[in-house]
Structures are given as structure tokens and as C-alpha cells.
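Both ligands and their constituent atoms are indexed starting at 1 by order of listing. Starting from 1, each residue takes its place in the sequence as its number.
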Amino acid sequence: MLARPSWAEPVEFDTARAVRAEACGVDDLTRLFPSYETPAFEGDRPRNPRGPTGLKGRGLLGRYGANFAADPLVFRRDRGRLEMIAIQRRDNQRWAIPGGMVDHGEQVSETLARELAEEALGKDASPAQVKSWEEKLGRLFQQEGVEVYRGYVDDFRNTDEAWMETSAFYLLLNPAHGNELGWDFSLIAGDDATDVRWMTVSRNELERLHANHAEIVGRAVQLLEAKQDLRVLSDGEISDPTP
Ligand code: RP5
């Protein structure tokens, strides 16, 4: 049997509950998932708010209840089109936002930056370079990131008792950001991705994205259109209002 990864709770619910109670320093967990704001329970088990899924236990996810991810949407304008960084996921081969799980004690802006650096920028870069990108991107998300979505993700790993939730933020990059970051906007796929690219934000591309990422990108585009006073057409072309 495979060893349990460090980020995962035990597979069996009662053992997972005991382990979490110990980690929280209490004998009895009256609220099993203190970090989750509005849990619904079936008996003492958390219940997927969008279930049933047909799957019991925590399945491939690390924890019972909500599993928290963060999704960085990074846009740029290139030759009149809106583009975003997309990765091709290794597990289901779908194109996706380069998101990842929020590590214990991590700020969402740190997760956004770390995932971006790991998944899309840094595989061949030196550890010092990756660290510098993470710090600078983290600051950029804090200062300029626009919150797009917070909530349930329609992920294939969800079960009746464990599910994915995410916080998604967007950034619109311009060449000055590239200079500041010391990054020429070239992309290199990290270990969890088979490929990475600047994807045109067109309807065709969005329809093929992983989980409900198309919905999340759609919301981001609406916010960006309002903020930048522009329109993004269905083929990704940007239509600025005439001056
Ligand atoms: C998605 O899975 C989330 O929206 C996020 O993009 C991602 C997190 O899981 P891993 O990529 O870490 O497997 O559903």
C-alpha cells in the first residue's frame, strides 16, 4: 500500500477525526471543521453542498470537508487579443488555470504566486530566481490582484464528503510588470503540467477547460472589461471604445 502523503488526512473518517482533534489540541471536536464557515453535516460527517456525487470518503482529496485551492488568472494583451496563462493538467489532460492547494498557514496571495512560479515559470530556473518571482508575484497579487471568485469547484475529485473550493484572482500584466519581475513572459511547464501556454481567451478555448474554470475565467473577463473599459469578443479579440 502507498504511504499516505504528508498533506492528506487518514482515509478512514473516524481516524481522520481523531487526528484532526489531536492537531487542534481538543479531546472532542464539536465542530469537526473549524476552518470551514458553513459546513453541512450528515450525522457527524461533512456533506458536499452540491452532492451527491456517488463517491464516499475523501477519495483523491487530502481532507474531509472543503479542500482549499487558489487560482491565479494572469492576463496580457498581445497583438490585439486577450491571452491568459493556461496549463495542461497531467492528471486529466485538460487545459486549466494554473491553480493549486493552499498550504497550511499560507496566504492566498502566496499560493497564487507559488503555483504560478512552479507550474508555469520556474522549472529550469535557479531556486533563487524562483524565490524572487514568488515574492514579487505575491506582492503584485496583493497590490493589483482582483478577486474574481470564491467558492465551490466542480472538480472530478469531489466526493460526498470532500470537495474543492477556490479563491481566484486576476492580474493584467503589461511590459512594465515583466521588467519589474525580470521575466520575458516565456513559459515553462512545471511537474504537474504536461504543457503551458498563453491561451487566447476565446469561447472555443474556454469551453474545453477543466472543471468550472470557464465560468471563473468568464467572471474575470467581465470584471476586466468593466475596469479597463473594453470589450473582449468571442474569438478573444479586444475591442477598445473609439477615442
Ligand atoms: C482545481 O484544481 C482548482 O480550481 C485548482 O485549479 C486545482 C487544485 O488542484 P491541484 O492542481 O493542486 O491538483 O479544481
- Please confirm whether Arg157 comes within less than 3.5 Å of ligand 1 when only nitrogen or oxygen atoms on both sides are compared. yes

- Taking the six-membered ring of Trp95, is NZ or CZ of Arg197 closer than 6.0 Å to its centre and within 45° of its axis? yes

- Message: Does ligand 1 come near enough to Thr166 that some N or O of the ligand is less than 3.5 Å from an N or O of the residue?
- Response: no

- Which of the numbered atoms in ligand 1 are below 4.0 angstrom from a heavy atom of Gly99? 6 (O), 11 (O)

- Query: Should Glu165 and Arg150 count as an ion pair when the cut-off is N to O under 4.0 Å?
  - Reply: no

- Task: Considering the heavy atoms of Val153, write down every atom of ligand 1 situated less than 4.0 Å from one of them.
- Result: 4 (O), 14 (O)

- In ligand 1, the atoms that come under 4.0 Å of a heavy atom of Met101 are 8 (C), 9 (O), 12 (O)

- Item | atom 7 (C) of ligand 1 [closest protein heavy-atom partner, distance rounded to 0.1 Å] | Arg89 NH1, 3.7 Å

- Message: Side chain, backbone, both or neither: which applies to Met164 and ligand 1 if a contact is any heavy-atom pair less than 4.0 Å apart?
- Response: side chain

- Note on the structure: re atom 12 (O) of ligand 1, the protein heavy-atom contact at minimum distance is Gly100 CA, 3.6 Å

- Task: Inspect the contact between Arg90 and Asp191 and indicate whether a charged nitrogen and a carboxylate oxygen are less than 4.0 angstrom apart.
- Result: no

- Message: Against ligand 1, does Glu115 come closer than 4.0 Å with any heavy atom?
- Response: no

- Task: With heavy atoms of Asp155 as the reference, note each atom of ligand 1 found under 4.0 Å away.
- Result: 1 (C), 2 (O), 14 (O)

- Message: Suppose I only count heavy atoms of His210 and a 4.0 Å limit; which atoms of ligand 1 are within that range?
- Response: 1 (C), 2 (O), 14 (O)

- Item | Side-chain heavy-atom pair Glu161, Lys56 within 4.5 angstrom cut-off | yes

- Query: So which of Leu61, Asn212, Asp71 gets nearest to atom 3 (C) of ligand 1, if we judge by its closest heavy atom?
  - Reply: Asp71

- Message: Please check if the number of heavy atoms outside Arg203 that lie under 6.0 Å from its CZ is greater than 12.
- Response: no

- Query: So does Arg77 pair up with Asp240, basic N to acidic O under 4.0 Å?
  - Reply: yes

- Query: Is Asp78 salt-bridged to Arg81, cutoff N-O under 4.0 Å?
  - Reply: no

- Task: List every atom of ligand 1 that sits less than 4.0 Å from any heavy atom of His213, numbering the atoms from 1 in the order shown and giving each element.
- Result: 1 (C), 3 (C), 4 (O), 6 (O)

- Message: Other residues, nucleotides and ligands only: do more than 12 of their heavy atoms fall within 6.0 Å of CD on Glu22?
- Response: no

- Item | Electrostatic pair Arg139:Glu110 at N-O distance under 4.0 angstrom | no

